[in-house]
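The structure under discussion appears below in the form of structure tokens.
Everything quoted here is computed from the prediction, not taken from an experiment. Here is how names work: the chains are called A, B, and so on, in the same order as the sequence lines, proteins then strands, and each is numbered from 1.
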Amino acid sequence: MSARPRLLSWTLRIASIVFVFALWEWAGRIPVSIAFPTFTAAMSAFREMILDGTFASAYAETIGPLLVGVLLTALGGMLAGLVMGLSPKAEWLGLPLFIVLQASPSAAIIPLITFIYGIGFAAKVFAVVLLSAPVIVLNSYRGIHNTPRSLLEMSEAFLANRRQRIWKIVLPAASGLIFAGLRLGIAQGFTGAVLAELIITPTGVGDLITFYRSGADYDYMFASIFSIVLFASVSLSLLQKLEQRIFRPEMRPT
Amino acid sequence: MNHPHTDTGPRSTAELAPEPAVRVQDLTKEYPGGIQALDKVTFDMPKGELTSIIGPSGCGKTTTLKIIAGLIEPSAGEVMVYGKAVRGPGPERAFVFQEFALLPWATVLRNVAFGLELRGVGKKEREDMAREYIVKMNLAGFEDAYPHQLSGGMRQRVGLARAMAVDADILLMDEPFASVDEQIRRKFQEDLLHLLSVEKKSVVFVTHSIEEAVYVSDQIVILTRGPAHVSKVVRPGIDRSGDSQEIRRSPGYLDSVENIWDELREYLEE
Amino acid sequence: MTLLGRRIPMAFSLAIWCLVWEVIGRMEVISLIPPFTEVLRALFVVTPSQDFKTAATITFQAFAIGMGLGLVVGIVMGILMGRIRAFGELMGMWVNIFESSPLTAIVPALMAILGFGLPTMIVTVFLFSVWVIALDTQVGVERVNPSLIEMGRSFGANNRILFTRIVFFAALPELLAGIRLGLIRGLKGVIIGQLLIAVVGVGYLFELYSRNFLMPEFWALLIVIFGFAFIASEIVGYFERKVSFYAKSR
């Protein structure tokens, strides 16, 4: 892209951000609802919560289970996807299960978690795993299952053994989709962690939202919601940038 | 040879003095669902020669080649390479793919060396060998380029270099120039002939272009429409000592093209 | 997978999982998991009950209205984003943000503003579903082969005909994929919304069953919802497969 269109697109973006925030401010001033603060009020609450460390301690509690959960799911999920992608028997047995889980509102199980995992760290980890597993497993499976036939045939013609085929052809070919699955899994993991905090374990960012809502401190509630949406979208778009840099699309098999 | 120019039908074993590089015997292939691709395809491929397989599209040329490569199993019949029955891919055969089949995430150097890499050759040694063929294939300077940065013609030269680098006696080429521009294609055919005159390989070459087959081949196997069997084996016997323009205008070349076209025409109708 | 030379459809493996469930339930290792047969029996207790009918009605109402809004807004937005470059760039950023962010966090705010009833649920369903529909519609419209449009123009098609006869059909594979994903997300939205509200619909029932430890009933309800989600997405999937033959060859 040349300099001018890029500049133009940035101007457009900033203009649209300003426009949306102005709309928020205006709606807050009417006000559309007593529970809807102005943008400026929410932002000053946001600033205050950053400065007094409220966010720091809340996010410390939210991110731990998120990372542990996604890491566990990544390991197990990639393995499950790998096995399903390579073995037709495992595919037959496992694929329908994950397709059903992917299509279903499995969040409904979250209230049950407390009976087994209580309301601590483990409960949140479980919620993260529950929501992030299907997309990670299915993406790994698809990446491996869709290894281009021509490359497999080539490796066979040049006498690759099973090990070489998996390590030198199948996994590199699938790596882009696997990574995309991890990114989507993290997105689901955010939902899982917040949901667990809202429903079963009053800690972290979810607790901030619940706490300020019950106290009718709507500025702070909106600042908390704003923070998690901002945090999630910034970290996910950074991951996407990283993905495009490492797994450049033109170096992916088509 | 007993039949200098044209050679009709499958030959009996006794007539052939030297052992062929590849012998294809009564090859039959039926795909699941009852589609029969090949019906007792039989031909020999003499050592050190270039044999083309030509026929109407979809007739089973590529299937034949992949059976020779050991990538597909025949339903009946067998392929002998130097007198031994083929049970799968082997180190004495190397394949050049129509759609190149290069690793998109690997450089030209690694792609050319990939066959050696799979054979467990050390990094230094295989890269030296790869560099040699990169130079021979006029790819010098592109060692660190990725396939997506190359033109179709260059990609196929990488595919060819990869096949040459493993030093197999027999090259199996599946419409190697089909995805390449016409202008580059001619240059390619000349380069291939030049390379083969130096390297002494036996080549099986699948193509759907009669001109290409006549220009490059010592022997042409004409297949019928599916289920394919051998309609005719032709030896164009073209003198390749002259310049390529002359060859393409010589009566021998033009007659061969015309004869094969007549042979194939009957399968195109209906 | 084949047995005795016959192909067994993949969906049959779910029966094996149900069997595993039954065995685990019978072994009584986890009190939360009753045997599958007991859950099936509970299915016939739960579904005819008045509680279930009330919950299902309000849930379906919220889902249908929210989805309807999501479809209309999402498709229109997606088409505009695909056809007008500047609009696509402008909205692309917001759509991407909301498509991947934990919208669950917004539900408490909706509860504060709109109360604990139908409006909150409708808006939740809408917010969960609309972005992915818009995004896929945009992709579909952008992928329409320019030569198809040129062909239409060269035969004298006006904008309206171009759109209804060419662009719409050419974009249909992605559009349907977007609708299917939107349906799945919308359903997740209505369930998550009700879990958070906790006093209406199936969210209330889940709360009730888990508080009173009525596990067979809890799982029976879950099966009903999973079944609904699966059937809804399969219906759209059926149409998707019908047009998939030209998705690759446009």
Counting neighbours of [atom1] on [X] that are heavy atoms of other residues, nucleotides or ligands and sit closer than 6.0 Å, is the number greater than 12?
| X | atom1 | answer |
| --- | --- | --- |
| Phe52(C) | CZ | yes |
| Phe126(C) | CZ | yes |
| Phe213(C) | CZ | yes |
| Phe21(A) | CZ | yes |
| Ile34(A) | CD1 | no |

Over all atoms of both residues, closest heavy-atom pair of [X] and [Y]:
| X | Y | value |
| --- | --- | --- |
| Ile192(C) | Leu195(A) | CG2-CD1, 3.6 Å |
| Ser106(A) | Phe226(C) | CA-CZ, 4.0 Å |
| Ile191(C) | Ala108(A) | CG2-CB, 4.0 Å |
| Leu112(A) | Leu32(C) | O-CD1, 3.7 Å |
| Ser100(C) | Leu236(A) | O-CD1, 3.5 Å |
| Ala112(C) | Tyr218(A) | CB-CE2, 3.6 Å |

Which atoms of [X] come close to chain C, meaning under 4.5 Å heavy atom to heavy atom: side chain ones, backbone ones, both, or neither?
| X | result |
| --- | --- |
| Phe222(A) | side chain |
| Arg213(A) | side chain |
| Leu12(A) | both |
| Val20(A) | side chain |
| Glu91(A) | both |

Nearest 0.5 angstrom please: [X] [atom1] to [Y] [atom2], how far?
| X | Y | atom1 | atom2 | answer |
| --- | --- | --- | --- | --- |
| Met111(C) | Met221(A) | CE | CE | 9.5 Å |
| Ser101(C) | Ile228(A) | OG | CD1 | 9.0 Å |
| Ile99(A) | Glu234(C) | CD1 | CD | 8.0 Å |

* Run the numbers on Ser104(A) and Phe230(C) for side-chain contact (heavy atoms from CB on, under 4.5 Å), then give the verdict. => CA-CA 7 Å; Ser104(A) 311; Phe230(C) 192 69; 5.8 Å; no
Most contacts with chain C, counted as non-hydrogen pairs under 4.5 angstrom, among [options]:
| options | value |
| --- | --- |
| Gly189(A), Ser237(A), Ser233(A) | Ser233(A) |
| Thr191(A), Thr114(A), Leu101(A) | Thr191(A) |
| Pro111(A), Ala103(A), Ala232(A), Ser224(A) | Ala103(A) |
| Ile199(A), Val205(A), Val234(A), Leu198(A) | Leu198(A) |

Identify which part of [X] has an atom lying under 4.5 Å from any heavy atom of chain A, answering side chain, backbone, both or neither.
| X | value |
| --- | --- |
| Phe228(C) | neither |
| Met91(C) | neither |
| Tyr209(C) | neither |
| Leu222(C) | side chain |
| Ser233(C) | side chain |
| Ile16(C) | side chain |

Can you tell which of [options] has the highest number of heavy-atom pairs within less than 4.5 Å of chain A?
| options | value |
| --- | --- |
| Ile30(C), Leu103(C), Thr104(C) | Thr104(C) |
| Ile184(C), Ile106(C), Ile113(C) | Ile113(C) |
| Ala232(C), Pro108(C), Gly203(C), Ala198(C) | Pro108(C) |

* To do: Start with the C-alpha distance between Phe115(A) and Met215(C), add both sets of side-chain angles, then the distance that settles side-chain contact (heavy atoms from CB on, under 4.5 Å), and finish with yes or no.
  => CA-CA 11 Å; Phe115(A) 291 116; Met215(C) 285 306 127; 4.2 Å; yes
* Begin from the C-alpha positions of Ile17(A) and Trp94(C) and carry the test side-chain contact (heavy atoms from CB on, under 4.5 Å) through to its verdict. => CA-CA 9 Å; Ile17(A) 292 173; Trp94(C) 297 106; 3.9 Å; yes
* Can you find a pair of side-chain heavy atoms, one from Leu97(A) and one from Ser13(C), that are under 4.5 Å apart? -> no
* **Heavy-atom donor-acceptor pair, Trp17(C) side chain to Leu93(A) backbone, under 3.5 Å** => yes
